[in-house]
Each structure stands twice: as structure tokens, then as C-alpha cells.
A.B. asks: 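My structure is below; once you've seen it, I'll send some questions.
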Amino acid sequence: MFSFFRKKTNPAAKLSDGYSGTPPPEPNPLAAMLGHNLAQLQQDPASRKAVRREWLKYFEQHPIADLRHYYTFLFRILQQAAAQQWQQWQGLDEFAALFAQRLFIAERYDNTRQTGEVLAQYGAQLAEHLAAATAAPLPPESRAANWLGSLLDLYFHHSTHDQPENFIPAAALVRPYLQRFPEQYSGFFESYLEQAPDPIAAFAALLALGAQNRQDYCLSQMFGDGDTDSYPYQHAAAIFQATLPQCGATEIATLQQQVLEEFDLAENAANDSRPELMKWLKRSRPVRENIRLLAEAAPDTPAAATLRGLLPAAKPSKPAKAAPPQTPFRDTALKLAVIDELMYRRDTLAPRLDFDRFAADCETRVISRDTDGYAPVPEILDYFTRLDIPPEMLATIEELHIEDGCSPLYAELWPYYDPGCDQMIPVTRAAIADLAHLPKLKRIIGLESLDPPAELLAELKKRGIEVLTREAYDEEA
């Protein structure tokens with residue numbers, strides 16, 4: 001048969017890749033090694049340890065940027081696989097698993113950042129090949145679910161937490177992959193979908209697909225099972241509202257049943273009043289809203305009746321009004337410094353507030369360190385503001401220490417306070433009146449962190465209360 005390469009053509013167009021006007025591809029210096037490794041893995045899967053050692057030794061002596069040769073090697077194989085011109089499926093499966101896990105590269109943050117930088121260059125092209133392979137009619141013996149799943153996981157394993165842009169190409173692959181392989185869900189998929197152009201729409205499509213496949217893809221996350229800081233939980237109502245129009249009666253009934261299973265409820269158990277379940281529903285507005293939406297979507301099913309029956313008892317109770325403190329402080333910042341001294345430094349003012357315990361006991365909403373910890377938590381600040389301090393304890397205070405967000409109290413009030421960026425709650429002129437509660441106060445260290453007004457400084461001087469900067473105190477010590 002007449003060969004393309006034997007045709008007489010313009011010399012300028014005679015290129016090694018056979019495409020006119022396209023520069024020849026870069027020779028892959030690792031092609032021989034990687035080809036041999038893949039053949040080893042095809043013949044004996046137990047050789048994976050030997051292959052990993054060979055790769056580890058290579059990257060001990062060569063830059064991580066050489067990972068680009070792994071990608072270009074793999075691209076040719078994926079192209080052949082999508083064209084059904086590949087036969088070494090076991091080798092591809094083992095090769096993809098080894099490459100994706102990146103265990104052949106020393107576990108150091110800088111190394112992972114570099115693997116992420118290489119992925120940023122090749123991730124979009126990898127996604128194109130994976131999409132083509134996912135759509136191809138591969139034979140059952142191809143192990144496609146395995147190696148495609150491994151290479152999808154690669155986007156996560158080869159990136160650091162601050163390289164989420166690497167997940168963008170993978171986001172478009174999640175739904176086609178699960179359509180082809182419904183039972184191969186990965187927890188990494190949620191991280192990918194967060195980076196989709198429209199995350200709400202992406203999660204809604206995933207939830208609808210889960211209902212069609214009778215699989216729990218992200219439903220449990222939307223109901224707070226595990227991480228209440230996750231995107232599916234934080235945006236659960238919007239996702240549900242976008243999902244329901246995509247679902248028929250069968251899919252909605254499936255979603256209702258999945259929620260009952262999530263709560264370990266049986267149909268027609270409308271009077272279930274287990275304390276832990278009711279406590280959770282009272283705290284979680286997104287979950288209550290999801291239950292309402294789901295029950296209204298197909299109101300005549302037995303499951304809907306059960307879901308509706310949960311809502312009356314799950315209505316949050318109004319917090320009881322606390323009696324006003326006997327010793328009211330007008331200034332919040334000064335009172336916090338006093339509580340820090342008595343509750344955390346001396347352990348005399350009880351109970352000692354602990355963030356995690358306080359969050360677990362809160363019945364009005366879910367309080368999360370990762371979601372709420374970047375500012376004063378309103379409920380904790382309110383607790384401190386209302387806290388009554390016995391006058392006899394106040395009368396024992398001779399010295400107050402104020403540290404720029406590093407005090408034990410601030411660790412509970414504002415967990416992720418950043419001294420370099422954040423400003424502590426400032427002290428005001430109102431603190432002048434509060435000095436009457438501290439008759440034995442002789443010295444304040446670190447008051448500069450609270451940005452004190454001139455009037456307060458003048459009053460402290462008038463009362464003979466020494467004001468020492470943190471730097472001066474440290475030098476004195």
C-alpha cells in the first residue's frame with residue numbers, strides 16, 4: 001500500500017510527525033525506560049515495587065520537571081487505547097496507578113508543588129485523552145474503570161492544597177466517568193467540581209446522576225455527614241434547588257429514600273425523636289431546608305411523610321434570656337482581657353470555654369473552626385459579653401497581660417487570628433468606667449495591641465496604673 005511518507009512533497013512540509021506545518025515532537029529520552037517498565041508490569045504485576053524503586057532512583061538524580069516525559073509517554077498510549085489499538089491493559093493499569101500515586105517522589109512539600117507545576121502544563125491535555133478514552137467502546141478486559149480512575153485521582157495527588165486550578169480540567173471528566181462506571185465514585189471528585197465554571201450546576205448534575213444510578217455521590221456530604229465545611233454542605237439548598245428540576249418522580253423518590261437511609265430512618269417513622277438526630281436538625285439550617293425541599297418535590301410518597309414529620313420537632317428553640325450580669329462591663333475588650341486572666345491564666349473562673357465543646361453544644365447552628373474561625377465567633381463573643389464575673393474575683397486582679405491575638409482566650413474566640421493581618425477588638429473610652437471593677441489593678445502589659453484612646457491612657461496614668469508595652473516587658477523579663 002502506498003505510504004504517506006513516500007509521497008513527494010515540499011521538503012519544508014516533510015516532518016517526522018506526518019502533519020504539515022507542525023514542528024516535530026520533542027524526543028522522549030525516557031521512552032525506552034518507561035516502555036520497559038510497562039512491559040514488566042504487563043508480564044508481572046508484582047514488579048511494581050521494582051519499577052517504583054527505579055523511578056525513585058531516577059528522581060533522586062534528576063529534576064522533577066522530567067515528569068513531562070511520563071505525560072508524553074502516557075499520552076501516546078491513551079491515544080492508542082481510545083482508538084482500540086492497545087492490548088497491554090494490565091500494564092497500563094499498573095503504570096497509571098504508580099504514576100498517579102506519586103510515591104516514587106520523596107514526600108516533601110516543594111516536591112509536590114513541582115509535580116503540581118508540571119501538571120498545570122499537561123493537565124488539560126491529559127483530560128482530553130481521558131475524555132476520549134472514557135467515550136470509547138473499550139472491551140471488558142481493558143480494566144478501564146481502574147486506570148481511568150487512577151489518572152483522575154492523579155489531579156489530586158500531584159497538587160498541593162494551594163493549586164486548586166489544577167482541578168479545573170478534571171471537573172469536566174467526573175460526570176462522564178460516573179456515567180460509564182457508576183460505582184467508581186471518588187471523594188476527590190468534590191474538590192474537582194468546586195473548580196467547575198458553575199459549581200452549583202456541576203454538583204446538581206452529580207446529585208441527579210446519583211439518583212439515576214441509585215448511588216450516594218454527594219448526598220451524605222450535603223446532609224453534613226463528615227465535613228460541614230465542604231462545598232456540598234455549605235451550598236446544599238442551592239444544589240437541591242438546581243437538582244430537583246432535572247429529576248423525575250423515580251429519581252426524587254430515590255433521593256428521599258437515600259436521605260432516610262442517611263438518618264437511619266424507616267418510612268412512616270414520622271414521630272422519631274431521637275435526641276441526637278433532633279439536635280443535629282435544630283443546628284443545621286441547610287439540612288432542614290433540604291428536607292423541606294425534598295418532601296415538597298414529591299409530597300405523596302411515604303418517605304415524604306416521614307421527612308415532613310421531622311421538621312416540627314427540629315425547629316430551633318430560642319435561646320433562653322440570660323439574666324444581666326451583676327458586674328456589667330461597658331467595654332468588651334477590657335472584659336475579654338479580664339476573662340483571659342481569670343479563666344485561662346489562673347483557672348479560677350469556671351467553666352473554661354473550649355471552642356470544640358462549645359460548638360458541639362450549640363443548638364442554634366453549626367459552628368465550625370474552618371468556616372467561622374477567621375473572625376470572632378459571634379456566639380462565643382456573646383457568651384463572654386454576658387458572662388458574670390464575681391466582684392471578689394475582680395478585686396484580686398493586679399496585672400493584665402494582653403498578647404496580640406496569641407492569648408488562650410483568643411485561641412477559642414478567634415481560632416485563626418493572624419497577628420500580621422488582623423486587629424484585635426479595640427478598647428474604647430467606655431473602659432474608663434470599667435476600671436472601678438478592678439480596684440487593685442496596678443499594671444497592664446501589651447495594651448498597645450488594643451489601640452487604646454488617649455483619654456483611657458490619661459485615666460490610667462491618673463490612677464497610677466502602669467502601662468507597659470509587650471516589647472518593654474519582654475526586655476524587662
Side-chain angles (χ1 to χ4, degrees), residues 282-283 316-365 367 369 372-373 375-415 417 422-447 449-453 455-460 462-465 467:
K282 286 181 178 181
R283 296 172 63 204
S317 55
K318 294 182 179 179
K321 289 186 178 180
Q326 297 179 13
T327 311
F329 275 73
R330 297 184 182 182
D331 183 81
T332 299
L334 181 60
K335 185 172 185 180
L336 291 177
V338 169
I339 295 173
D340 185 48
E341 173 67 23
L342 295 173
M343 183 178 288
Y344 294 97
R345 296 179 188 275
R346 298 190 189 181
D347 282 323
T348 55
L349 181 61
R352 183 186 180 104
L353 185 142
D354 173 80
F355 179 95
D356 294 322
R357 187 163 56 246
F358 185 94
D361 292 340
C362 180
E363 293 188 356
T364 55
R365 74 176 182 97
I367 297 176
R369 189 180 296 271
D372 301 294
V377 178
E379 291 83 356
I380 295 180
L381 183 60
D382 181 67
Y383 174 85
F384 284 141
T385 301
R386 294 175 179 273
L387 183 64
D388 200 11
I389 307 174
E392 57 271 21
M393 284 192 184
L394 295 172
T396 65
I397 295 178
E398 297 183 0
E399 188 172 274
L400 290 175
H401 285 260
I402 299 166
E403 302 177 68
D404 187 8
C406 299
S407 72
L409 179 142
Y410 259 76
E412 312 301 333
L413 171 66
W414 191 341
Y417 179 91
D422 297 320
Q423 172 61 51
M424 295 179 72
I425 297 172
V427 70
T428 68
R429 293 178 56 190
I432 295 174
D434 293 334
L435 293 175
H437 301 318
L438 305 167
K440 294 187 178 180
L441 184 63
K442 297 178 181 179
R443 184 160 73 159
I444 303 177
I445 296 99
L447 186 61
S449 297
L450 302 183
D451 193 20
E455 296 92 335
L456 175 60
L457 293 174
E459 182 64 24
L460 291 170
K462 179 180 175 181
R463 291 174 179 252
I465 299 173
V467 177

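On a predicted model such as this, the values are computed, not experimentally measured, just so you know.
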A.B. asks: Applying side chain to side chain contact (heavy atoms under 4.5 Å, CB included), run through Ile425 and Leu381 and close with a yes or a no.
C.D. replies: CA-CA 11 Å; Ile425 297 172; Leu381 183 60; 4.0 Å; yes
A.B. asks: Determine, stepwise, if the pair Arg365 / Glu379 fulfils side chain to side chain contact (heavy atoms under 4.5 Å, CB included).
C.D. replies: CA-CA 10 Å; Arg365 74 176 182 97; Glu379 291 83 356; 2.6 Å; yes
A.B. asks: State whether the side chain of Asp388 and the backbone N or O of Gln326 hold a donor-acceptor pair below 3.5 Å, judged by distance alone.
C.D. replies: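 Yes: the side chain of Asp388 pairs with the backbone of Gln326.
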A.B. asks: Using the ring pair (Phe, Tyr, Trp, His ring centres under 6.0 Å) definition, which of the options Phe384, Phe355, Tyr417 pairs with Tyr410?
C.D. replies: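 Filter result, single survivor: Tyr417.
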A.B. asks: Kindly give the heavy-atom pair with the smallest separation between Lys335 and Thr385, and that separation in Å.
C.D. replies: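 Looking at all heavy atoms of both residues, the closest pair is NZ-O, 2.8 Å.
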A.B. asks: Between atom CG of Leu400 and atom CD1 of Ile445, what is the distance when rounded to the nearest 0.5 Å?
C.D. replies: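 Taking CG in Leu400 and CD1 in Ile445, the distance rounds to 8.0 Å.
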A.B. asks: Where do Thr428 and Pro453 come nearest, in terms of heavy atoms and distance?
C.D. replies: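 The pair with the smallest heavy-atom distance is C-CG, 3.9 Å.
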A.B. asks: Atom CG in Leu394, atom CG in Leu342: separation rounded to 0.5 Å?
C.D. replies: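 It is 6.5 Å, given to the nearest 0.5 Å.
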A.B. asks: Do other residues, nucleotides or ligands put more than 12 heavy atoms under 6.0 Å from the CZ atom of Arg330?
C.D. replies: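 No - once you tally the heavy atoms of other residues, nucleotides and ligands closer than 6.0 Å, there are 12 at most.
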A.B. asks: Of all heavy-atom pairs between Pro408 and Arg345, which one has the smallest distance, and what is that distance?
C.D. replies: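 What the structure gives for the nearest pair is CD-NH2, 4.2 Å.
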A.B. asks: Main chain of Ser449, side chain of Gln423: is a donor-acceptor contact present, judged purely on distance under 3.5 Å?
C.D. replies: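 Checking the backbone N and O of Ser449 against the side chain of Gln423, a donor-acceptor pair under 3.5 Å is found.
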A.B. asks: Nearest 0.5 angstrom please: Leu387 CG to Leu336 CG, how far?
C.D. replies: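 It comes to 10.5 Å.
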A.B. asks: What are the two closest non-hydrogen atoms of Arg283 and Ile367, and how far apart are they?
C.D. replies: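 Closest heavy-atom pair between Arg283 and Ile367: NH2-N, 4.2 Å.
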A.B. asks: Could you tell me which non-hydrogen atom of Ile389 sits nearest to which non-hydrogen atom of Thr327, and how far apart they are?
C.D. replies: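 Minimum heavy-atom separation between Ile389 and Thr327: O-OG1, 3.4 Å.
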A.B. asks: With salt bridge (Lys or Arg N to Asp or Glu O under 4.0 Å) as the test, would you mind laying out the steps for Glu399 and Arg443 before giving the verdict?
C.D. replies: CA-CA 5 Å; Glu399 188 172 274; Arg443 184 160 73 159; 2.9 Å; yes
A.B. asks: Nearest 0.5 Å please: distance from the CG atom of Leu435 over to the CG atom of Asp331.
C.D. replies: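 Nearest 0.5 Å value for the CG-CG distance: 9.5 Å.
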A.B. asks: A side-chain contact here means heavy atoms from C-beta on lying under 4.5 Å apart; do Leu349 and Pro390 qualify?
C.D. replies: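 Result yes, sub-4.5 Å side-chain heavy-atom pair found.
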A.B. asks: If you define the side chain from C-beta out and look only at heavy atoms, does anything of Glu412 sit under 4.5 Å from Asp354?
C.D. replies: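 Answer yes - side chains close enough.
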A.B. asks: Within a 6.0 Å radius of atom CD on Glu392, are there more than 12 heavy atoms belonging to other residues, nucleotides or ligands?
C.D. replies: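 Counting other residues, nucleotides and ligands, CD of Glu392 exceeds 12 neighbours.
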A.B. asks: How are the rings of His437 and Phe329 set to each other: parallel, tilted or perpendicular (split at 30° and 60°)?
C.D. replies: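 It falls in the tilted class, 30° to 60°.
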A.B. asks: Hey, could you give me the CG/CE distance between Asp404 and Met424, rounded to the nearest 0.5 Å?
C.D. replies: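 Reported to 0.5 Å precision, the distance equals 6.5 Å.
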A.B. asks: Please tell me if the side chains of Asp356 and Arg369 come closer than 4.5 Å, counting only heavy atoms from C-beta onward.
C.D. replies: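 Answer yes - side chains close enough.
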A.B. asks: Any chance you could measure Glu455, atom CD, to Ile432, atom CD1, to the nearest 0.5 Å?
C.D. replies: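 Interatomic distance, Glu455 CD to Ile432 CD1, rounded to 0.5 Å: 6.5 Å.
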A.B. asks: Apply the test side chain to side chain contact (heavy atoms under 4.5 Å, CB included) to residues Leu447 and Leu457: give CA-CA distance (whole Å), side-chain angles for both, the deciding distance (0.1 Å), then the verdict.
C.D. replies: CA-CA 9 Å; Leu447 186 61; Leu457 293 174; 3.9 Å; yes
A.B. asks: Do other residues, nucleotides or ligands put more than 12 heavy atoms under 6.0 Å from Arg346 CZ?
C.D. replies: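 Correct, the count exceeds 12.
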A.B. asks: Less than 4.0 angstrom from a charged side-chain N to a carboxylate O is my criterion; do Asp361 and Arg357 meet it?
C.D. replies: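 No salt bridge links Asp361 with Arg357.
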A.B. asks: Minimum heavy-atom separation for Ala436 and Arg463, please, with both atom names.
C.D. replies: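 It is N-NH1, 4.5 Å.
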A.B. asks: Yes or no on side chain to side chain contact (heavy atoms under 4.5 Å, CB included) for Met343 and Leu353, after CA distance, side-chain angles and deciding distance?
C.D. replies: CA-CA 8 Å; Met343 183 178 288; Leu353 185 142; 4.3 Å; yes
